[in-house]
Amino acid sequence: MPLFLPLLWLARMRTKCKIVLTVHEEFDNVPLRWFVVKYHNLWYKIADRLIAHSPIQKKNLPVSLQEKTSVQPHGVIYRDLPTRAPKKNVVLLPGFINEWKGHDVALYAIEEVKRMLPDVKLLVVGKAHDKKYTERLHGIIKSLHIESNVEWDSGYVPEEKFLEYYKTSTIAVMPYRRITMSGILAHILSWRVPTIMSDLPVFEWFTKHKALYFRNGDAHHLAEKIIMLLKDKSRQEKMSNDFGVLAKEYSWEEEALNTLAVYHELVPEGSP
């Protein structure tokens with residue numbers, strides 16, 4: 001993997017090809033981040049164009065690289081009229097289980113929500129990437145006595161079953177501590193699931209302030225938002241409709257045209 005970018009450089013030296021790279025990560029979770037970032041930025045210089053998924057991500061690049069960076073949001077599968085049959089007070093937390101996704105924050109919030117809504121159910125769906133963290137989460141569940149309020153599906157989840165969770169959940173939560181862009185959020189918009197998420201700039205930008213946001217890491221604030229949204233059916237409906245509009249704007253068809261325009265800037269139609 002570390003040889004991928006140098007190999008591109010060699011290809012560039014031997015041919016007249018244009019190089020377009022998509023910048024995905026900020027590498028906050030890797031050892032020696034400063035070195036990894038510096039290494040990537042060095043090779044990004046050979047690219048004719050960079051594509052970032054958000055303006056926040058673009059701003060994190062050196063100024064010299066920002067000048068040749070286009071922003072193309074993550075694509076969303078647009079469904080004209082998705083069939084949803086939400087169950088009562090089911091809160092979905094989808095995606096791989098890692099500490100930076102804030103599952104612990106969600107558990108503490110659910111314990112508080114339970115006092116107001118005893119039948120609330122947190123549905124955790126996703127593979128346990130961090131086993132130690134997963135064990136810690138199970139310990140939190142026991143210590144908070146919320147075993148009956150948490151349903152856990154961290155084994156292999158076939159795509160059909162995974163998508164079924166989006167159809168049947170009342171709302172979703174995304175208590176991420178950090179993120180550059182999220183495929184899970186694309187699914188949420190696609191299925192128009194009313195969602196509460198951390199007040200991360202990327203989330204607010206991508207959803208155009210149409211979701212509900214809580215202070216990053218604040219379980220009490222998340223609990224307040226969950227109770228509010230579960231009780232407010234009209235707000236759920238409005239958010240669902242707003243997400244449908246966003247899904248159409250970010251549809252893969254639209255993103256394909258936008259990305260094609262970037263390539264046409266580098267290689268105009270009809271050029272050899």
statement: Applying ring-ring contact (aromatic ring centres under 6.0 Å, His included) to His264 and not counting sequence neighbours gives none

message: For Tyr250 and Tyr78, I'd like to know if the aromatic rings sit close, meaning centre-to-centre distance below 6.0 Å.
response: no

task: Mind checking side-chain contact (heavy atoms from CB on, under 4.5 Å) for Asp199 and listing every partner two or more places apart, or none if nothing turns up?
output: Glu204, Tyr213, Arg215, Asn216

task: Output all residues satisfying ring-ring contact (aromatic ring centres under 6.0 Å, His included) with Phe162, sequence neighbours left out; order by chain, then residue number.
output: Tyr166

task: Would you please name every residue forming a side-chain contact (heavy atoms from CB on, under 4.5 Å) with Lys114, sequence neighbours left out?
output: Val120, Ile146, Asn149

- prompt: Quick one: ring-ring contact (aromatic ring centres under 6.0 Å, His included) partners of Tyr176, sequence neighbours excluded?
  reply: Trp100, Phe203

- request: Tell me, please, which residues at least two apart from Trp252 pass ring-ring contact (aromatic ring centres under 6.0 Å, His included).
  value: His74

Asp153 with Lys161: basic N within carboxylate O range, under 4.0 Å: yes

query: Checking Gln236 side chain against Ile171 main chain: does a donor-acceptor pair fall under 3.5 Å?
result: no

- prompt: For the atom pair OG (Ser70) and CG (Asn258), what is the distance rounded to the nearest 0.5 Å?
  reply: 10.0 Å

message: Using only atom types and a distance under 3.5 Å, with no angle test, would you say the side chain of Ser240 pairs donor to acceptor with the backbone of Arg192?
response: yes

query: When you measure from the side chain of Thr168 to the backbone N and O of Glu164, does any donor-acceptor pair fall under 3.5 Å?
result: yes

task: Please list, chain by chain and in numerical order, all residues satisfying side-chain contact (heavy atoms from CB on, under 4.5 Å) with Asn41, sequence neighbours excluded.
output: Val37, Tyr44, Leu61, Pro62, Leu65

Under the side chain to side chain donor-acceptor pair (under 3.5 Å) test, residues paired with Lys167 that sit two or more places apart: none

- line: d(Ile51 CD1, Thr22 OG1) to nearest 0.5 Å is 4.5 Å

Expected output: side-chain Thr134 to main-chain Lys132 donor-acceptor under 3.5 Å: no

field: Straight-line distance of Leu185 CG to Met197 CE, nearest 0.5 Å
entry: 5.0 Å

statement: Residue pairs meeting ring-ring contact (aromatic ring centres under 6.0 Å, His included), one or both in residues 116-139, sequence neighbours left out, come to Phe96-His129, His138-Trp152

- prompt: Under 3.5 Å, side chain of Thr180 to main-chain N/O of His24, donor-acceptor pair present?
  reply: yes

task: Kindly state each residue pair satisfying salt bridge (charged side-chain N to carboxylate O under 4.0 Å, His left out) with at least one member in residues 243-260, sequence neighbours excluded.
output: Lys208-Glu249

Pairs meeting criterion salt bridge (charged side-chain N to carboxylate O under 4.0 Å, His left out) with involvement of residues 258-268, two or more places apart: Arg49-Glu265

- prompt: When rounded to the nearest 0.5 angstrom, what distance separates CZ in Arg115 from CD1 in Ile110?
  reply: 12.0 Å

- prompt: Under 3.5 Å, side chain of Ser190 to main-chain N/O of Ala186, donor-acceptor pair present?
  reply: no

message: Would Arg84 pass as a cation-pi partner of Trp191, given that its NZ or CZ must be under 6.0 Å from the six-membered ring centre and within 45 degrees of the axis?
response: no

message: Nearest 0.5 angstrom please: Asp130 CG to Ile97 CD1, how far?
response: 9.5 Å

hydrophobic_cluster_shared for Leu260 and Val267, side chain cutoff 4.5 Å: no

- prompt: Taking only residues two or more places apart in sequence or in another chain, which ones pass side-chain contact (heavy atoms from CB on, under 4.5 Å) with Trp9?
  reply: Met13, Trp43, Ile46

